[in-house]
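In what follows, every chain begins at residue 1, and chains take the letters A, B, ... in the order their sequences are listed.
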Amino acid sequence: MSPAKKTSNTEDYLRMYRQMVRIRTFEDNANQLYLSAKMPGLTHMYSGEEAVAVGICEALEVTDKITSTHRGHGHCVAKGAAFKEMFCELLGKEEGYCRGKGGSMHIADQSNGNLGANAIVGGSMGIATGSAFTAKLLGRDDVTVCFFGDGATAQGLMYEVMNMAALWKLPVIYACENNGYSEYTATDEIAAGSIPARAEAFGIEAHSVNGQDVLAVNQLTQDLVARARKGEGPFFMELMTYRYHGHHVGDINREYYRRKDEERDWKDNKDPITLFGAYLTKEGIATKENLAEMQAAIEADAAAAVEYALAAKYPDTSEVDMHVFTDVKHALA
Amino acid sequence: MSPAKKTSNTEDYLRMYRQMVRIRTFEDNANQLYLSAKMPGLTHMYSGEEAVAVGICEALEVTDKITSTHRGHGHCVAKGAAFKEMFCELLGKEEGYCRGKGGSMHIADQSNGNLGANAIVGGSMGIATGSAFTAKLLGRDDVTVCFFGDGATAQGLMYEVMNMAALWKLPVIYACENNGYSEYTATDEIAAGSIPARAEAFGIEAHSVNGQDVLAVNQLTQDLVARARKGEGPFFMELMTYRYHGHHVGDINREYYRRKDEERDWKDNKDPITLFGAYLTKEGIATKENLAEMQAAIEADAAAAVEYALAAKYPDTSEVDMHVFTDVKHALA
Amino acid sequence: MRNITLSQAVNEALAEEMRRDETVFIIGEDVAEAGTPFKVLSGLVEEFGTDRVVDTPIAEPGFMGLAVGAAMTGTRPVVDLMFGDFIYLIMDQLCNQAAKTHYMSGGKLNVPLVVRTNLGATRRSAAQHSQSLHALVAHIPGLKVALPSSAYEAKGLMKTAIRDDNPVVIFEDKLMYNDKAPVPEEEYLIPFGQANVLREGSDITLIGTSSMVQVCQQAAELLASEGVSAEVIDPRTIVPLDEETLLKSAKKTSRVIVVDEGHQSFGITGEIASRINEKAFYHLDAPVLRMGAMDVPVPFSPALEDITVPTPEGVAASARKLMSGEMIHAA
Amino acid sequence: MRNITLSQAVNEALAEEMRRDETVFIIGEDVAEAGTPFKVLSGLVEEFGTDRVVDTPIAEPGFMGLAVGAAMTGTRPVVDLMFGDFIYLIMDQLCNQAAKTHYMSGGKLNVPLVVRTNLGATRRSAAQHSQSLHALVAHIPGLKVALPSSAYEAKGLMKTAIRDDNPVVIFEDKLMYNDKAPVPEEEYLIPFGQANVLREGSDITLIGTSSMVQVCQQAAELLASEGVSAEVIDPRTIVPLDEETLLKSAKKTSRVIVVDEGHQSFGITGEIASRINEKAFYHLDAPVLRMGAMDVPVPFSPALEDITVPTPEGVAASARKLMSGEMIHAA
Ligand SMILES: Cc1ncc(C[n+]2csc(CCOP(=O)(O)OP(=O)(O)O)c2C)c(N)n1
Ligand SMILES: Cc1ncc(C[n+]2csc(CCOP(=O)(O)OP(=O)(O)O)c2C)c(N)n1
Ligand SMILES: [Mg+2]
Ligand SMILES: [Mg+2]
């Protein structure tokens, strides 16, 4: 764990802890909804990677943008979303952030600068770069962070947009969440050479950081965001992390591609919440009891939101052809 | 100019010279056909880059494969094609290599391992990699060279296939013909960072070489081909070169993107044929007269081929729906 | 005859062809040990090894391009495209390269490859994992397009596709992977361009593709109980299209509905309907009706998603309208 | 009214909109100093600078994706896709992202962008630089598709497209860039979804798109000289499609030919013909005929290329057939 900046950071630290616990709790509930067959479709759990989303998003302003992935609940919570609208979305309800039209793979609190989760691996890399282009063209000072996985580094689109971002010095940060796997395949089987070196070859400054250390992630991001705001971007970050669950909630028997003891090691020894909790108590920023209370409150929140969402109503069937075009109320009318 | 290997290379050297002159002569005639409005459409001249195609193709066997580009006449000649079928193709005649269906941008002598010129920039990178995949899967020892321009390095496809080639150690050589421009734009305006470093980031050994020095190109290629045959590939070569003409034959007024004195400098001081001719005479491999005679013979050949092609017949209109599918004589019958 | 799932049928087809011809290989994401997310390829890597069941990085344009080059040089790749929605990513390599190489080379080069992918909504997978995009591919000369409607078709069409010297795209219905159907033990192939008449009828023709064949069958049952005799036809391949069988039926029944899970507008129903209209016009008592998926991105919410796709009840209702002459007033 | 070329018309539309709204910018290959290979954009970079007339690397998927993100965050990109054939490369960003974002976000995000590209064969550019691929885009819900048929339409539709809050794809006919037409000095916009009746007639309706509008006009002249009165209609946008105008004409003349330069099979002619058949069936004296480009990759050889595209003579011949009732025997 990196050293504390100053005690005036107490609030920031507690908020980061809180946000990590909120993500974990959200995912536990989502998994439960799946297991009890109350959630339509499948979903990809962010559990284990919380320090990445939180460390990064806590370094951003509301006006800064992010693009997210199929594994997007963590980014959504970290960028400021509320449980109620998230669970409603997960269940396809009208009060969801996307009125139930997006679901888990497109969940986003757009008003907080989340430009959307994306079900096309690498699909949001252009979007993030374009968002940074807007900032530059219109003279705004916001920065965009593009989240994507190690698997997404295989998509050619990434190199196309990194080239343009580098040529035009766009305020975008490419954040590669390297959790060691893409679906059922280990990263070293699908990524030749070095991931950060690929960014460097385009003249982009690249960093590798321990993605389980929320303070390290946050500190690096703060630096890069500040520099990107000054026109020194783009940047590339590789965040070494791990997903606790299978690729998606249905990926239960996974020993053919990933050993159980490896999973245990990460959970026991590298859990971002446990590590940061220990740090907070050691530094006297919070007591164990404080943290337990916080967690209990979050769990209660989540339970209430789940209950609300389960009872909430589905969109009216007349919504089916709304929002195809902005200017046509019902596209098929 | 690199030092001569040994005098037993005399024949190889003269063949290389001859092939370079054949390309130049082919292009001069093609340009003339355009200027005299005898050629349908446009075409992209290879003049100035001859040492690249010849240096590389002379290091290959007939069984080795190449993929070519929109600027493909040079590759086609260098891989062994004959003037007659080439001019016929250029003019859309039935006796062309592609029965007139391909034209300049798809010209190829398929029987010599040319898998086709390609009008999609970067479009053949997958094809070349797949050809190398075949060699590996079927246990053949042929090597594939993928020709492409500096502009094509912006296409994401390149990074996707380099990744796979590197992971699977495929016998493919990516040959980037860096002629300083893509269409009407200088390379440094559209390529961030370093081109060879991009290959290296994927764990691919990369070389930069003077593309006007046919012996240097040939030597490097011989080495890499030999190693690729042994399973040490893939490799990446950046060949620094220059195109004398505009982007295509119609690109006449080009001072807004390229200075005339720059063009003059390359033609006067870096012409691959002039340089190699001087070397051959200096080393006593040929006299000026030998070279002049060779050139005259080639010019006569070309003139005859042009004449033949001009008089040759167009494909019968019934050919229009042939070759849509291999197993259907007339797709629309 | 034994019953096996569509998944097993595809698996058998691939295994048989890979045994028969060692130039056949499979390439795609998580095709080897994982056997794809739908587990369709389970066991193949054990028999054929990782040289012939090749796990790729997540690089659809890249491995599609690689397959084109491999096919041009002596192998027969089967490209595994995990979701039909990713076809957008491979369009250039499929349509600018694979589809045109034979033609552009004047017949000198062949591209014998298969793209196997899927279609179909109602899996709660939202707009980017639920599309039925076969119309895009069918529009491009040089590509053949097969739409198996059961395990039987899935096996027979796959074997034919692998032996075909042209690029073929096969769309499987992902909701049908676990559906069983009778499949012979003995080897068989289903020729391209031969429609299958699943049910004979005299009052109306229901032409259904892929997932919609079942829907048409069920609609025919509903109609039968009302005394309407519906003929059900599955074209099996849309390129080439067996016009003859479709026209024969249209001329017999004089009423036709074409049902498909692709978006209705600018989709395949317009083509099939137009060919029938053009060539059987004077035999028709009513316009050929089309029922595709709604022209909206596929919504996630079950409450919305389910109404975007034609149903047996919907098809039967349209049939009743056609029979009753209600269309006359509409037209 | 002054006459200007289609090229100038597009240029004016862009310049006017860029002056009016500083969030409009152009992005693509060689759009700035070079003003595109067709020189359509000449002069714009001088007025608006390289920040708003942005030369890109040769990375179509990349700059298309960038435009989607830019559009989502407050700008109005005009993406310059040098050849319509490259649309395959941007399909994922266009169809999985741009087209679906508004819907998937429940109406929260907009993607107000324009893709301007082209179509049309007979330029001797062979199979990868001659395609007319508007059908692919028209099939995807969430995209609007405009096909200007003259300088007048090119200007008015472009201005409307730029102001539209949805993604719009405009296909210009590359052979028409130097064709002049009367274009008002005053500002005007052409609303989407309003077909243009270029010529009134009573015997037969010729519906033509883009390059084929001229072909239909010329065919109408030929027919007029034989005493056949043809109505010529240009839909101008195919999404949205002005069904009303088309149906009205079909009901009046009872005979329709739809002419388009995209490949005929699984193209847009099938959709237009089907809608007319469905909704005007009982008014038709003959089946709606379709004439698209031949279902072959576009060949290079002039001797072959010229016969792949509908011609005035061909359209007139088909019209005569329809008039003479010859179709009855065919059907
Ligand atoms: C273009 C595309 N190809 C394939 C998939 C299927 N798919 C979904 S997630 C995934 C793995 C992604 O791995 P990574 O980028 O490392 O993210 P992670 O799941 O590890 O967070 C794959 C292959 C997809 N959604 N999109
Ligand atoms: C995918 C694609 N985009 C754009 C073009 C148009 N185009 C043809 S050649 C060319 C420039 C290519 O530059 P480079 O790769 O350096 O090759 P060079 O012409 O210099 O040999 C462009 C942009 C194309 N043919 N294909
Ligand atoms: Mg991963
Ligand atoms: Mg170049």
Side-chain angles (χ1 to χ4, degrees), chain B residues 39-43 70 89-94 96 98-107 117-123 149-157 182-185 187 189-192 247-248 250-251 254 256-257 313-324 330-332, chain D residues 28-39 42 45-46 50 54-65 82-83 85-90 92-93 121-131 263-265 292-309:
Chain B
M39 195 193 66
L42 292 171
T43 183
H70 59 285
E89 190 58 41
L90 220 57
L91 299 180
K93 302 300 178 78
E94 187 190 297
C98 310
R99 302 188 71 78
K101 283 182 165 149
S104 166
M105 289 207 286
H106 304 290
I107 200 164
N118 210 307
I120 301 298
V121 165
D150 47 285
T153 63
Q155 287 280 333
L157 184 66
S182 53
E183 282 196 351
Y184 319 111
T185 303
T187 307
E189 290 172 38
I190 51 90
H247 170 59
H248 54 62
D251 172 25
R254 50 183 179 268
Y256 70 93
Y257 75 86
K313 73 181 182 52
Y314 284 113
D316 189 82
T317 53
S318 70
E319 286 227 16
V320 72
D321 66 345
M322 289 170 68
H323 308 128
V324 180
H330 289 285
L332 304 178
Chain D
E29 292 151 17
D30 281 318
V31 292
E33 287 76 13
T36 79
F38 296 103
K39 306 293 166 205
S42 296
V45 73
E46 284 75 12
T50 52
V54 185
D55 269 350
T56 63
I58 312 174
E60 289 82 2
F63 64 73
M64 181 65 214
M82 197 184 288
F83 282 86
D85 312 67
F86 307 160
I87 205 143
Y88 297 128
L89 285 161
I90 64 165
D92 178 61
Q93 291 297 315
T122 68
R123 270 185 85 247
R124 321 308 178 206
S125 303
Q128 296 173 337
H129 276 62
S130 308
Q131 295 166 83
H263 296 299
Q264 177 165 315
S265 286
M294 263 187 197
D295 292 323
V296 305
V298 179
F300 167 71
S301 186
L304 303 180
E305 187 179 26
D306 286 340
I307 60 173
T308 64
V309 174

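Counting heavy-atom pairs closer than 4.5 Å to chain D, the top residue among B:Cys98, B:Ala119, B:Gly41, B:Gly156 is B:Ala119. Ranked by non-hydrogen atom pairs under 4.5 Å with chain D, the options B:Thr187, B:Asn118, B:Asp251, B:Leu42 are led by B:Asn118. Of the listed residues (D:Glu60, D:Gln128, D:Arg123), the greatest number of heavy-atom pairs within a distance under 4.5 Å of chain B belongs to D:Gln128. Of the listed residues (D:Ala34, D:Ala59, D:Ala32), the greatest number of heavy-atom pairs within a distance under 4.5 Å of chain B belongs to D:Ala34. Between chain D and the residues B:Leu91, B:Asp321, B:Thr153, B:Thr317, the most heavy-atom pairs under 4.5 angstrom are made by B:Thr317. Of the listed residues (B:Lys101, B:Glu319, B:Arg254), the greatest number of heavy-atom pairs within a distance under 4.5 Å of chain D belongs to B:Lys101.
In this structure, the portion of B:Asp316 lying under 4.5 Å from any heavy atom of chain D is its backbone and not its side chain. If you measure heavy-atom distances from B:Tyr256 to chain D, the contacts under 4.5 Å come from the side chain alone. Interface remark: B:Ile120 contributes backbone and side-chain atoms alike to the contact with chain D (heavy atom separation under 4.5 Å). Within the 4.5 angstrom heavy-atom criterion, no atom of D:Glu29 approaches chain B. The parts of B:Val320 that come within reach of chain D are both its backbone and its side chain, each placing non-hydrogen atoms under 4.5 angstrom from that chain. Contacts of D:Phe86 with chain B are made by side-chain atoms alone, with heavy-atom separations under 4.5 Å and no backbone atom involved. Both the backbone and the side chain of D:Asp295 come within contact range of chain B, with heavy atoms under 4.5 Å apart. Looking at B:Leu157, neither its backbone nor its side chain comes within 4.5 Å of chain D, counting heavy atoms on both sides. With a threshold of 4.5 angstrom between heavy atoms, D:Ser265 does not approach chain B through any atom at all.
Across every non-hydrogen atom of B:Pro315 and D:Ala303, the tightest pair is O-CB, 4.1 Å. Considering every non-hydrogen atom in both D:Ser301 and B:Gly92, the closest pair reads OG-O, 2.6 Å.
In this structure, D:His129 and B:Met105 have side chains that are in contact, with non-hydrogen atoms separated by less than 4.5 Å.
For B:His248, there are no ring-ring contact (aromatic ring centres under 6.0 Å, His included) partners at least two apart in sequence or on another chain. With sequence neighbours left out, D:Pro302 forms a side-chain contact (heavy atoms from CB on, under 4.5 Å) with B:Pro40, B:Tyr314, D:Arg124.
Taking CG of D:Asp30 as the start and OH of B:Tyr257 as the end, the distance is 9.0 Å to the nearest 0.5 Å. One finds the CZ atom of D:Phe300 at 15.5 Å from the CZ atom of B:Arg99 (value rounded to the nearest 0.5 Å).
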Check against side-chain contact (heavy atoms from CB on, under 4.5 Å), D:Ile58 and B:Glu183:
CA-CA 10 Å; D:Ile58 312 174; B:Glu183 282 196 351; over 6 Å; no
